[in-house]
Every structure is written in C-alpha cells, then in structure tokens.
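Everything below concerns the one structure shown next.
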Amino acid sequence: MPKLWNETIEAHRHAVRDAVLDATAALVAKHGLLSVTMSRIAETSGIGRATLYKYFPDVESILAAWHQRQITGHLQHLTAVRDHAGNPGERLEAVLEAYALMSQQRHEHHGSELAGLLHQGEHVVRAHQQLKDLIRDLLAEGAASGDLRDDVAPDELSGYCLHALSAAAGLPSKAAVRRLVAVTLSGLRPPAIPAAPRLTTEAAPASGPSHRPSH
C-alpha cells in the first residue's frame with residue numbers, strides 16, 4: 001500500500017482508539033464502573049460493537065489502555081515541567097508540586113473503586129520506576145550543586161518523596177497540597193550546621209589591697 005494510505009489508516013485507528021478510551025472514561029465518571037458495558041461504550045463512542053471488539057476484548061482492557069495513556073501523559077507533563085524550571089532545587093520543587101497536584105486530582109476524579117482496578121499491572125510498575133528515576137536524577141543534581149542534602153542517597157530520597165506526597169490524594173485543596181510539598185522539601189535541604197558554642201568569660205572580681213579595720 002502507498003505510504004500515505006498506511007498513515008491514513010493508522011491515524012484512523014488511533015482516532016477510533018482514543019474515542020473509545022474517552023467514552024469509557026466519561027461513562028465511568030458519570031455512571032460508575034459496574035454500569036459500564038461494551039454495548040454502552042460502542043454506543044457512546046459512535047462505533048459498532050463488532051468494531052469495538054476488534055480493538056478491545058473487554059471493559060477491563062479498555063480501562064487499562066486508558067490508564068496507560070494517562071500515565072504516559074503525566075510523565076510527559078512532569079518532564080516538561082522539569083525542563084522549564086531554573087536551578088536543580090527549583091526544578092525539583094516544580095516537579096514535586098506538579099506530581100502532588102496530579103495525585104490529588106486523580107483521587108478526586110477516579111475514586112477508590114476505579115483506582116483499585118487501575119493501579120495494577122506492569123505498566124504501573126514501569127511508570128512508577130520512571131517517576132522515581134526522574135526525581136532521583138533531580139535530587140542528585142541538587143546534591144551536586146549544594147542546593148539539596150548529600151548525606152542520603154538520591155535513590156533513597158526519591159522513595160521518601162513519593163511516599164510523602166502520596167498524602168496529597170486525601171487533601172482538600174491546592175493550598176494544602178502546596179503546604180505538603182513545602183514540608184517535604186524542607187527535609188531535602190542540607191542539614192544546618194550547628195553553630196559553635198560561644199565562649200563566655202565571667203568578669204573576675206576586682207582585686208586590690210585589702211583594707212582591714214584598724215584597731
């Protein structure tokens with residue numbers, strides 16, 4: 001087949017796939033996970049059931065594909081945030097804040113029912129490792145520049161960051177999320193060097209000739 005025809009077919013398939021993923025996500029958000037069926041997805045996305053089954057065997061596979069698309073988009077967004085910030089400390093702060101805000105929004109939009117189904121599988125493990133590596137590299141840069149602490153391994157600190165920011169999922173506002181990020185960052189800064197104790201000298205009593213009473 002001519003190259004242009006192949007590209008046209010591939011673009012059509014991509015468009016159909018995106019329409020299916022978007023329709024499924026909208027149905028889950030509106031009606032709940034248990035009410036979503038392949039028939040309903042086909043109707044909402046505007047394609048026939050037979051066509052839908054050529055792309056996906058069941059609802060779970062559609063949700064997994066949608067989640068993988070979301071994760072890829074999130075990682076791309078975090079990479080862009082990193083590349084637009086300034087020094088290593090600022091880049092880390094921007095990435096941690098963006099990640100924490102995404103965690104909060106994801107919890108609000110998905111709920112526990114969908115989250116339990118989606119956060120499984122190899123694609124989630126791979127994405128988590130990519131995220132951890134991204135933060136680890138920023139921590140290593142910050143330690144080398146003196147902006148961040150260097151007494152703990154960057155890989156260990158990146159795990160600390162992700163665990164700490166997981167609390168963002170339960171926070172009620174963006175302001176609360178930013179406070180959580182600020183607290184997390186405070187633990188990443190170089191530890192303060194304790195000031196040397198000041199030597200104090202007490203004034204000695206003035207010595208002079210003793211005066212004894214005369215008899």
Side-chain angles (χ1 to χ4, degrees), residues 21-22 24-26 28-30 32-33 63-192:
L21 300 185
D22 292 340
T24 304
V28 171
K30 186 174 182 179
L33 180 61
L63 289 171
W66 173 82
H67 190 229
Q68 188 163 3
R69 187 182 68 173
Q70 292 291 101
I71 288 176
T72 300
H74 289 165
L75 287 172
Q76 290 172 345
H77 174 66
L78 292 174
T79 301
V81 167
R82 176 199 65 188
D83 294 342
H84 284 85
N87 61 45
E90 292 169 345
R91 288 200 292 273
L92 178 66
E93 181 176 358
V95 167
L96 294 186
E97 182 174 314
Y99 170 72
L101 288 170
M102 286 192 300
S103 298
Q104 184 206 29
Q105 292 163 5
R106 183 174 64 239
H107 180 77
E108 289 178 351
H109 295 162
H110 295 175
S112 58
E113 180 186 38
L114 185 57
L117 174 65
L118 293 180
H119 289 82
Q120 304 173 22
E122 283 298 317
H123 71 285
V124 177
V125 174
R126 286 194 302 270
H128 183 81
Q129 187 59 52
Q130 287 178 276
L131 176 61
K132 189 175 180 183
D133 291 346
L134 173 65
I135 295 174
R136 178 203 62 204
D137 292 346
L138 289 171
L139 287 162
E141 289 178 16
S145 68
D147 293 325
L148 302 172
R149 64 190 308 152
D150 61 0
D151 58 333
V152 181
D155 193 60
E156 184 178 337
L157 283 177
S158 66
Y160 157 76
C161 290
L162 292 176
H163 282 296
L165 295 179
S166 65
L171 295 178
S173 66
K174 290 183 179 180
V177 171
R178 292 189 177 100
R179 287 193 292 271
L180 173 65
V181 173
V183 170
T184 304
L185 285 168
S186 68
L188 301 174
R189 296 192 180 98

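Along the sequence shown, residues are numbered consecutively beginning with 1.
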(message) Any non-hydrogen side-chain atom of Ile71 less than 4.5 Å from a side-chain atom of Arg126?
(response) no

(request) Compare all side-chain heavy atoms of Ser103 with those of Leu165 and state whether any distance is below 4.5 angstrom. (result) no

(request) Could I get the full list of salt bridge (charged side-chain N to carboxylate O under 4.0 Å, His left out) partners for Glu141, not counting sequence neighbours? (result) Arg91

(message) If you define the side chain from C-beta out and look only at heavy atoms, does anything of Lys174 sit under 4.5 Å from Gln105?
(response) yes

(request) Mind checking the OG-CD spacing from Ser158 to Gln129? Nearest 0.5 Å is all I need. (result) 8.0 Å

(request) With rounding to the nearest 0.5 Å, note down the distance linking CD in Glu93 to CG in Leu148. (result) 10.5 Å

(request) Check the pair Asp22 / Arg69 against side chain to side chain contact (heavy atoms under 4.5 Å, CB included), numbers first and verdict last. (result) CA-CA 11 Å; Asp22 292 340; Arg69 187 182 68 173; 2.5 Å; yes

(message) When you compare the side chain of Leu185 with that of Leu92, does any pair of heavy atoms fall below 4.5 Å?
(response) yes

(message) Ignoring hydrogens, what is the shortest heavy-atom contact between Ser145 and Pro88? Give both atom names and the distance.
(response) OG-CG, 3.9 Å

(request) Heavy atoms only: give me the nearest Leu180-Ala168 pair and the separation to one decimal. (result) CD2-N, 3.5 Å

(request) Could you tell me whether a side-chain N or O of Glu90 sits under 3.5 Å from a main-chain N or O of Asn87, the two making a donor and an acceptor? (result) yes

(request) Quick one: closest heavy-atom pair of Asp147 and Pro190, and the distance? (result) O-CD, 3.4 Å

Review item, side-chain donor-acceptor pairs of residues 78-86, under 3.5 Å, at least two apart:
{"residue": "Thr79", "atom": "OG1", "partner": "Leu75", "partner atom": "O", "Å": "2.9"}
{"residue": "His84", "atom": "ND1", "partner": "Ala80", "partner atom": "O", "Å": "2.7"}

(request) Give, for atom CG of Asp133 and atom CG of Asp155, the distance between the pair rounded to the nearest 0.5 Å. (result) 7.5 Å

(message) Taking the side chain as everything from C-beta on, heavy atoms only, tell me whether Leu96 gets closer than 4.5 Å to Leu188.
(response) yes

(request) Nearest 0.5 Å please: distance from the CD atom of Gln76 over to the NE2 atom of His74. (result) 10.5 Å

(request) Look up atom CE in Met102 and atom CG in Leu131, then write down how far apart they are to the nearest 0.5 Å. (result) 7.5 Å

(request) Could you check if a side-chain atom of Arg149 sits within less than 4.5 angstrom of a side-chain atom of Leu157, using non-hydrogen atoms only? (result) yes

(request) Would you check if Thr184 and Tyr160 make a side-chain contact, meaning some heavy-atom pair closer than 4.5 Å? (result) yes

(message) Checking the side chain of Gln104 only, and the main-chain atoms of Leu171 only, is there a donor and an acceptor separated by less than 3.5 Å?
(response) yes

